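Per chain, numbering begins at 1; letters A, B, ... match sequence-line order. Just so it is clear, the model here is predicted, and its values are computed rather than measured. The figures that follow rest on heavy atoms only: side chains count, while hydrogens, waters and symmetry mates do not.
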There are 4 protein chains.
Amino acid sequence: MSGDLRERVLTRTKEATPEVIAIRRDLHAYPEVGFTELRTASKVARRLTDLGFQVRAGREVVKEEARLGVPTEAELAAHYDRARADGADPEFLELVRGGFTGVVGEITGARPGPTIAMRFDIDALPILEKASPDHVPVQEGFVSRYPGVMHSCGHDGHVAIGLGVAEVLAAMKDDLAGRIRLIFQPAEEGCRGAFAMMEAGVVEGVDYFFSIHLGLGAPSGSLYPVVDGYLASTKLDVTYGGQSAHAGVMPEAGRSALICAAQAALGLHAIPRHSAGPSRVNVGLLHAGSGRNIIADRAFMMVETRGSTADIDQFVLDRAMAILEGTALAHGCTVDIKVVGKTISGTSDPELADVLAQQAALVPGLNVSPTPMVTTGSEDATYFMRRVQEQGGMSVYMGLGSDLPSGHHTPAFDVQERDFADGIAAIVLTMLEVGNHPPKRSA
Amino acid sequence: MSGDLRERVLTRTKEATPEVIAIRRDLHAYPEVGFTELRTASKVARRLTDLGFQVRAGREVVKEEARLGVPTEAELAAHYDRARADGADPEFLELVRGGFTGVVGEITGARPGPTIAMRFDIDALPILEKASPDHVPVQEGFVSRYPGVMHSCGHDGHVAIGLGVAEVLAAMKDDLAGRIRLIFQPAEEGCRGAFAMMEAGVVEGVDYFFSIHLGLGAPSGSLYPVVDGYLASTKLDVTYGGQSAHAGVMPEAGRSALICAAQAALGLHAIPRHSAGPSRVNVGLLHAGSGRNIIADRAFMMVETRGSTADIDQFVLDRAMAILEGTALAHGCTVDIKVVGKTISGTSDPELADVLAQQAALVPGLNVSPTPMVTTGSEDATYFMRRVQEQGGMSVYMGLGSDLPSGHHTPAFDVQERDFADGIAAIVLTMLEVGNHPPKRSA
Amino acid sequence: MSGDLRERVLTRTKEATPEVIAIRRDLHAYPEVGFTELRTASKVARRLTDLGFQVRAGREVVKEEARLGVPTEAELAAHYDRARADGADPEFLELVRGGFTGVVGEITGARPGPTIAMRFDIDALPILEKASPDHVPVQEGFVSRYPGVMHSCGHDGHVAIGLGVAEVLAAMKDDLAGRIRLIFQPAEEGCRGAFAMMEAGVVEGVDYFFSIHLGLGAPSGSLYPVVDGYLASTKLDVTYGGQSAHAGVMPEAGRSALICAAQAALGLHAIPRHSAGPSRVNVGLLHAGSGRNIIADRAFMMVETRGSTADIDQFVLDRAMAILEGTALAHGCTVDIKVVGKTISGTSDPELADVLAQQAALVPGLNVSPTPMVTTGSEDATYFMRRVQEQGGMSVYMGLGSDLPSGHHTPAFDVQERDFADGIAAIVLTMLEVGNHPPKRSA
Amino acid sequence: MSGDLRERVLTRTKEATPEVIAIRRDLHAYPEVGFTELRTASKVARRLTDLGFQVRAGREVVKEEARLGVPTEAELAAHYDRARADGADPEFLELVRGGFTGVVGEITGARPGPTIAMRFDIDALPILEKASPDHVPVQEGFVSRYPGVMHSCGHDGHVAIGLGVAEVLAAMKDDLAGRIRLIFQPAEEGCRGAFAMMEAGVVEGVDYFFSIHLGLGAPSGSLYPVVDGYLASTKLDVTYGGQSAHAGVMPEAGRSALICAAQAALGLHAIPRHSAGPSRVNVGLLHAGSGRNIIADRAFMMVETRGSTADIDQFVLDRAMAILEGTALAHGCTVDIKVVGKTISGTSDPELADVLAQQAALVPGLNVSPTPMVTTGSEDATYFMRRVQEQGGMSVYMGLGSDLPSGHHTPAFDVQERDFADGIAAIVLTMLEVGNHPPKRSA
C-alpha cells in the first residue's frame with residue numbers, strides 16, 4: 001500500500017471522528033435491547049443511505065422464523081412508540097418494526113475485486129447505568145435516558161465505528177476494489193440475531209469476513225488481530241408449572257414449582273466437566289412463586305450452556321434437557337423449555353489475520369499483538385464466520401483494546417472514544433488491502 | 001334474653017344491612033394492603049365517630065417499634081396520595097398516615113358491666129382480581145380499581161360487619177351493659193399488625209374478647225362458635241448477597257446467590273416434622289439473578305415457618321436460621337434475615353363459646369355447629385386472645401360460613417353478602433348477653 | 001372372676017418366671033434378624049409342642065409371596081448353618097428354613113367360648129450391642145454372641161412373655177373357655193412379617209385379638225391398655241444404576257448414581273406435610289459409589305414413608321415414587337424400587353381395652369393407665385388388628401412399661417426382667433375373662 | 001550409540017523377559033493396596049539385592065509424617081499376616097512393615113556420569129477382578145487370589161518392567177556411566193506415596209528423572225515420550241456427625257448427616273469451572289446412615305478436587321472446604337475433613353524427551369509418537385519431577401502403549417505382556433545414552 005493512501009485514510013478518519021463520537025453518544029443515550037433496536041437501526045439505515053450505500057433492512061435481511069428470543073408483540077409495540085417519539089427515521093422505522101432490526105449496506109469499489117463483509121452488533125443490555133458524577137456519560141450528558149437499559153458492552157461504539165468506516169470508505173470509493181458489505185446486526189446479546197441474518201443470506205457471496213469487539217480486557221492503543229476461544233452456546237428459557245395451595249392450610253394440595261426449579265438448578269450446575277475442552281452451564285435468573293404463604297405454582301429460569309466446540313455444548317445441553325424434564329416429572333410439574341439463543345464456536349483464518357496485523361501496524365500508536373486474545377465468552381458472529389469459511393472464504397474476529405473503568409455488563413462500563421479512530425483506520429486500511437486479494441469462494 | 005330484645009336486634013340489623021353492603025362494596029373497590037389502609041381506616045374512624053363511639057386511631061393504638069413488615073417510606077407516601085385522591089377522610093387520614101392504620105372505637109352501655117372487645121381485620125392482598133363477567137364484583141361494578149390489589153380474603157366483609165355491629169349497638173345503647181370496644185386492625189395478612197396494637201394496650205382491661213372470620217370452607221347459613229388449630233408462625237425475608245461475574249468468561253470469580261438460595265430452599269423444606277404437633281415450612285417466593293450469562297449476585301426469598309404451638313414454630317425457626325446462615329457460609333455469600341411477621345397459636349374458651357352458640361341459635365336460619373372448625377392457617381388475633389386470657393378474661397374465635405365461588409387468596413374469591421346480617425345479629429345478641437356476665441379479669 | 005382363680009394365676013406365673021427369664025436371656029444371646037429367626041422359631045415351636053399346644057410352623061403360617069424384604073438365598077443359607085450350630089431344634093428347623101420363621105400354637109379350653117389370639121414378635125435388629133460392664137447383659141453374661149445383631153427392641157422379652165403365657169395357660173387348661181391362639185411372628189422390624197401370616201390365615205376365626213409391646217417410654221410397673229397412633233408405613237429399597245468413569249480423565253462419560261441419589265434424598269425430604277394428620281419420610285441409609293476417583297455407578301437407599309392413615313401414607317408414597325423415578329430420568333440413571341415392608345394404622349376397641357384394664361388392675365403393684373399411650377412409630381400387628389375387626393371381632397394393642405437404660409433401637413437398650421411376670425399375669429387373667437365373652441364374629 | 005550396544009541391550013532384554021512376565025503374574029495374583037504392599041516391596045528389595053543393587057527400604061525412604069491416607073494399625077497388622085503367609089521375603093518384610101513399603105535400589109556404572117532415577121509404582125486397587133474365562137488372568141491362572149483387590153491399573157507391569165530394567169542394567173554394568181537409581185513407590189493410587197518418598201530425599205542429587213505408565217489408551221507397539229496434562233489434585237475424607245433418632249417417633253430430635261452430606265455433594269459438584277484451565281471435583285463415595293427408620297447420625301464421603309495447575313486445584317479445594325463446613329453448620333452436624341492425598345501437575349522437559357524418543361526409535365517395531373499424550377488424570381510422580389527440576393535437573397513422564405481389553409480401574413483391565421520388553425529396551429537404551437550427558441544439577 002502506498003504511503004499516500006495510508007495518509008489519506010488517516011486524514012479521512014480524523015475528519016470523520018467528531019461525527020463518530022456524536023453518533024456513539026446519541027446511541028448511548030437511547031439504548032435499545034435485542035430486536036427492539038428500532039431507532040438505532042432506522043438511523044443506521046438512513047446514514048448509510050445518505051453516504052451512498054445500497055441499503056437493505058428489515059425482513060429482507062432477517063429471516064423471521066430463524067430469530068430466537070424475540071420479545072412479545074406487546075413489548076415490540078410499546079418500543080415502537082418509544083422509538084418514534086425519540087426521533088427514529090420514519091421511513092426505515094416501518095421497515096424494521098416487529099423485530100426485524102437488521103441493516104445491510106453495500107458499496108462497490110472502482111475496480112473489480114472480492115466481496116468483503118464486516119459485522120457490527122447494535123443492541124444494548126437490561127442493566128441500570130451508574131448515575132454518579134464520576135461516570136463519564138453522566139459528566140458529558142449522554143447517560144442512558146432509559147433507566148434499566150444500557151450500552152454496557154460497547155455496541156454503541158461498534159455502530160459508531162461501523163458508520164465511521166462507512167464514511168471513510170464512501171469518501172475513498174475510487175481507491176476501492178471489490179465490494180464492501182457492512183452488516184449491522186440486532187440481538188447479539190443472548191446470541192439471537194446472527195443466525196437469522198445468516199439464514200436470510202447476508203453473507204452469501206462473501207470472500208473475506210471481519211468482526212470486531214471493543215475492550216475485552218485489552219488496553220487502549222492495542223489491537224488483537226485474532227480473538228479466539230469463543231464458546232458454542234445455547235440459551236434456554238425454562239418455565240415450570242406447579243400447583244398453588246395455601247402452605248399452611250393444605251400443603252399437600254400444592255406442587256411447588258420453586259422446589260422443582262431449585263432441584264433443577266442444582267442438577268444443572270452438577271453437570272460434569274468435559275475432558276475434551278472447556279464447558280459452562282449457568283442458571284442466571286430464577287423467579288419463582290407469588291407469595292410467602294402460597295405454594296409456588298410457577299418458576300421461570302434463564303439458563304445457558306457453553307462448550308469450546310458445538311459437540312461439547314451439545315453434551316451439556318443434552319444433560320441439561322434430561323435434568324430439566326426429569327425434575328419436572330419428579331415434582332409433578334409441567335415444564336416448557338424454549339431455545340432462545342444459540343451460537344457456535346469460531347476460528348479466525350491466520351492468513352487473513354496477518355493482513356489485518358500488517359495494516360493495523362501502519363496506524364501510528366497502535367500496538368498490534370503477535371498472539372491471539374483468548375476469551376471464553378460466546379458470540380454469534382461465529383455463524384457468519386463459519387458460513388463464509390464453508391463457502392471457501394476467510395474470516396477474522398479482531399479485538400480493539402480500550403481502557404475500561406469497569407468490566408463488560410456492569411453498570412459503570414464505559415469505553416474510551418479516542419480508540420475509535422484507530423479501529424476505523426485499521427479496518428479501512430485492511431479492506432483496501434484485501435480488495436487487491438483474489439476472491440476466495442470455492443464456487 | 002327476652003324475645004323482645006331479640007326481635008329488636010334482628011330488626012335493627014335488617015335496617016342496617018343496605019349500608020353494610022354499600023360499605024363492603026366501597027372497600028372492595030378500593031383495596032389497600034397491610035399498613036397502607038389509609039382510606040379504609042380513616043373512613044372507619046369517621047363512621048365510628050359519627051355513630052357516637054369514642055375513637056382512637058393511629059400511633060395511639062399502634063405501637064411503632066412493634067410493627068413488622070412495614071412498607072418503605074416511598075410506598076407509604078405514594079399510597080397516601082392515592083388514598084387522598086380516593087376520598088379518604090381528611091381528618092383521620094393525617095392520624096393514621098405513615099403505617100399506623102389501626103382504629104379503636106368504644107361505646108359505654110347504660111348499665112355497668114364487663115368490657116367486651118372484638119377484632120376486625122381490614123387489609124387486602126397483592127392479588128390480581130378476576131376480570132371475567134361471571135365474577136360478581138365485576139357484574140355489580142365494585143371490582144378492585146387497583147389491578148394487583150384485591151380483597152380476596154373477605155376482610156372487606158369483616159369491616160362491614162364490624163361497622164354494622166357498631167350501628168346496631170349505637171341504636172341499642174340503652175340495652176347495653178358494660179363497654180364494647182371494636183378494634184379495626186391493619187396488616188393481618190403476614191401476621192404483622194395485631195402485635196403492635198396489643199403492645200399499644202388496646203386489649204388492656206378486656207374481660208371478653210371475640211374475633212371472626214368469614215368463609216373458611218363453611219357454607220352460608222352456618223356459624224362455628226370455635227375456630228381452632230391456628231398455627232403459630234414466623235415470617236422471614238431473606239436476602240443472599242453473592243458476587244456477580246460473567247458466567248462464560250470468568251465463572252470462578254462469581255459467588256452464585258442463586259445456587260445458595262436453591263440449596264437453602266431445599267434445606268428448609270427438609271426440616272423434619274415434629275412429633276408433638278403439626279408444623280410447616282414454605283419458601284413461597286424466590287427471586288434470584290439479573291441475567292442469563294451473569295452469575296447471580298443477589299437472591300431474595302420469602303419464607304414462613306409454622307407450628308401448632310409457639311414451641312414447635314420456634315423449633316422450625318431455629319432449624320431454618322441455621323440452614324439459612326450455614327448455607328451462606330457454604331457458598332461464600334452474605335445473608336440478611338428479617339423477621340417480618342410473627343404470630344402464636346390460640347385457644348377459644350369453651351364457656352364463652354357456649355354463650356355465643358346459644359345466642360347465635362336465636363338467629364333464624366343460622367345453623368350453629370356443635371363442633372369446632374379446625375384450620376391450619378395462621379392468624380394474629382391470637383395475640384389478643386392470649387393477652388385477654390392472661391388477664392383472667394376469656395376469648396373466642398368464631399367462623400361465619402359463606403358459600404365461596406373460589407378459595408381464599410385466589411383471584412375469583414368472593415363472599416355472599418347475605419351472610420353479613422346473620423353475623424351482625426349473632427354478635428350483637430352475644431354482646432348484649434355477655435354484658436350481663438361478671439367481669440373476668442383477675443385484677 | 002373369683003379371687004381363687006386370680007390367686008392361682010399369680011402363683012402359676014410366679015412359678016413360671018425363672019424359665020421365662022432363662023428363655024429371654026438365651027434369645028438375647030442368640031439374636032436373629034427378620035426371616036432368619038430359625039433358632040428362635042424352632043425353639044418356640046418345640047416349647048409350645050412340649051406344653052401341649054397344637055403347633056403349626058413354616059409355610060403353613062407364612063404365605064410365601066406375601067413376605068416383604070426377605071434376605072437373599074445366600075444369607076438364609078448362611079444363617080441356617082449358624083442356627084444349626086447354635087442348637088436349633090432339628091425338627092422344626094427344617095420346617096421354618098428358607099424365610100418361613102412363623103409359629104402358631106393353639107390350645108383349647110375345657111369349655112366352649114370364643115377364639116382369642118395374641119401376637120408376639122420375635123426378631124432382632126442389626127445393631128452392635130454395647131460391650132461395657134455397666135450393661136446388664138454383659139454383667140450377667142447373656143450379651144449378644146453375634147456382634148452387629150442385637151435384641152434392642154425387646155422382642156426377646158415378648159417371646160419370653162408369650163411362652164410364659166403358654167406355660168400358665170397349659171397348667172390352667174381346665175379353667176379355660178374357648179380357644180387361645182398364640183402367634184409368634186417374624187420380621188416385625190421393617191413391617192415385613194405380619195402381612196404374610198395374615199395372608200396365610202392365622203387370624204381367621206379370631207374373635208378377640210391382642211398384641212403387646214414392652215417399654216415405649218412407660219415406667220416399670222405400669223400397663224397401658226391402649227397404644228394408639230401407630231402410623232401406616234411403607235418401606236422401600238431403592239437402587240440407582242449409573243455409569244462409572246474415571247472422574248479425572250473422562251468425567252463426561254459417567255452418570256453419577258451418587259448425585260442422583262443425593263437429589264432424590266433431598267426431594268423426598270421436601271415432600272410436603274399433610275393437613276389431615278401426621279406424616280413422615282426418611283432416607284435412613286444411603287450407600288453410593290466405589291472409589292474416590294470413580295463416578296459412582298450405583299447407589300442404594302433405604303427409604304420409608306408414614307402417615308397417620310393409610311391414605312396419608314399413600315400420599316407420601318405417591319410423591320416419593322414420582323421423585324425417585326423422575327430423578328432417575330433427570331440423571332440418566334436406571335432405578336429399581338422394591339417395596340420391602342408395609343403396614344397400616346391400627347385402632348384398639350375400647351370395650352376390649354376395658355376388660356384388659358380391669359383384669360390388669362388385679363395384678364398387685366401394676367398401675368393401669370386411664371389414658372392411651374400415643375406413639376408415632378409403626379407396627380405391622382395392625383394388619384391382624386384390622387383383619388379381626390373386619391371379621392366382626394375386637395382388637396387391642398397394649399403397652400407394658402419397663403424402665404429402660406437407653407431408648408429402643410440403641411446399643412444400650414435393655415428391659416427389666418422383673419416386669420415380665422406382671423405382663424404374663426395380666427394377659428392370662430384377661431384371656432380367662434374374655435373366654436366368658438360371646439364370640440364376636442359377624443358370621 | 002554403537003549398533004553393538006543396542007544389539008546387546010535387545011538380547012539381554014529378550015533373555016530377561018520370561019522372568020519379567022513371571023514376576024508380573026506373581027504380583028497380579030497377590031495384589032496389595034497402597035501402603036500394604038509388604039509382599040511386593042519385600043520381593044522387590046530381595047530381587048534388587050540379588051542383582052547387586054544397593055538397596056534401601058522402609059522408613060529410610062518413606063518419611064513417616066509425610067504419608068497421606070495410611071490404613072489403620074489393624075488393617076496393616078492383618079495384612080502383615082497375609083503377606084507373611086503368602087511368601088514375603090522375611091528380611092525385608094520387617095523393614096517395610098507398618099506402612100513403609102517403599103524401596104530404592106542404586107547401581108553405579110563403570111564410568112562417572114550423572115545420576116539417573118526412575119520411578120515405578122507398585123500398588124493395586126480395591127476392585128473385584130473379572131472372573132469369567134475370557135479374562136486372560138483367569139485363563140492363565142494368575143487371577144487375583146484376593147477378591148476385591150486387583151492390579152487394574154497395570155502397576156504389576158510397572159514393577160515387572162522395573163525389575164527387568166534392573167536385570168539388564170546389572171548385566172551391562174560395564175557399559176554404564178553414572179549412577180542409576182530405581183524407585184519403587186507405594187500408594188500411587190490416591191496420590192499418597194510419592195510425597196513421603198520425596199520428603200525422605202529419594203530424588204536428592206538426581207540429574208535426570210523418568211517415570212512410566214502402561215496403557216492410557218495408546219495401542220501396543222507405541223511409546224509416547226511425553227505424557228502431559230496430569231492434574232494437580234487433593235483427596236479428602238469427610239465425615240459428618242449428626243444425631244440419630246427414631247424417624248417415626250421423634251424426627252425432630254435427629255440431625256440427619258445423610259441430608260447434610262447430600263446437600264454437600266450437590267454443593268461440591270456445583271463448584272464453578274475455572275477459566276484458566278481444566279478443573280474437577282468428584283464425590284466418589286458416600287456412605288450414610290445405619291437403618292431405614294433411624295435418622296442417620298453419620299455420613300462418610302470420599303472427595304477429590306483437581307486442577308490443571310496447583311492454583312486451580314487450590315481454588316476448587318477452597319470452595320470445597322467452605323461448602324463442607326458451611327453445610328455442617330446449616331444442618332447442625334459436626335464435620336471432620338482429612339487430607340488423605342495430594343499431588344501437583346507436572347511438565348516433561350522436551351530436551352530429555354527427545355533423547356528418549358531417539359533411543360526408543362532404535363527398538364524394532366516400536367512406534368514413537370511425535371506428539372505428547374494428553375491425559376487429565378492425576379499422578380504423584382509429579383512431586384519427583386518438580387523436585388528434580390527445582391534442583392536443575394530434567395524430568396520426563398513417558399507412556400508405553402498396550403492394547404487393553406477394558407479401561408483402567410475396571411474389573412476386566414489387563415495389559416499385553418508382550419509390550420514389556422519394548423519398554424525395558426527403550427528405557428535401558430535411554431539410560432545408557434543419558435549416562436553420557438553432563439550432570440544437570442545447579443549445585
**Study point:** Nearest heavy atoms of Ala265(D) and Leu258(C), plus distance in Å
**Key:** CB-CD2, 4.1 Å

Point to revise | Any side-chain heavy-atom pair of Asn293(D) and Asn282(C) under 4.5 Å | key: no

Practice item. Could I get the full list of side-chain hydrogen bond (donor to acceptor under 3.5 Å, both in side chains) partners for Asp123(D), not counting sequence neighbours? Key: His155(D)

Exercise for review: Identify which part of His246(C) has an atom lying under 4.5 Å from any heavy atom of chain D, answering side chain, backbone, both or neither.
Suggested key: side chain

**Study point:** Nearest-0.5 Å distance that lies between atom CG in Leu286(D) and atom OG in Ser256(C)
**Key:** 9.5 Å

Revision key, fill the gap. Taking a cut-off of under 4.5 angstrom between non-hydrogen atoms, the residues of residues 299-311 of chain C near chain D are Met302(C), Val303(C), Glu304(C), Arg306(C)

**Study point:** Atom CE of Met373(C): over 12 foreign heavy atoms under 6.0 Å
**Key:** yes

Practice item. Find the one option among Ile127(C), Ile294(C), Leu231(C) whose heavy-atom pairs under 4.5 Å with chain D are most numerous. Key: Ile294(C)

Review point. What distance do Gln263(D) atom CD and His269(C) atom NE2 have between them, rounded to the nearest 0.5 Å?
Key: 11.0 Å

Review point. Relative to chain C, which segment of Arg292(D) carries a heavy atom at a distance below 4.5 Å: side chain, backbone, both, or neither?
Key: both

Practice item. Please report the shortest heavy-atom distance between Ala296(D) and Gly284(C), naming the atom on each side. Key: CB-O, 3.9 Å

**Study point:** Shortest non-hydrogen separation from Arg280(D) to Gly248(C) and the atoms involved
**Key:** NE-O, 2.8 Å

Exercise for review: Please report the closest heavy-atom contact between Gly289(C) and Leu285(D), naming both atoms and the distance.
Suggested key: O-CD1, 3.7 Å

Check your understanding: What are the two closest heavy atoms between Leu266(D) and Ala262(C), and how far apart are they?
Key -> CG-CB, 4.3 Å

Review point. Is it the side chain or the backbone of Val281(C) that comes within 4.5 Å of chain D heavy atoms, both, or neither?
Key: neither

Exercise for review: Heavy-atom pairs under 4.5 Å with chain C are the metric here; pick the option from Leu236(D), Thr410(D), Thr375(D) that has the most.
Suggested key: Leu236(D)

Review point. Quick one: what part of Val374(D) sits under 4.5 Å from any heavy atom of chain C, side chain, backbone, both or neither?
Key: neither

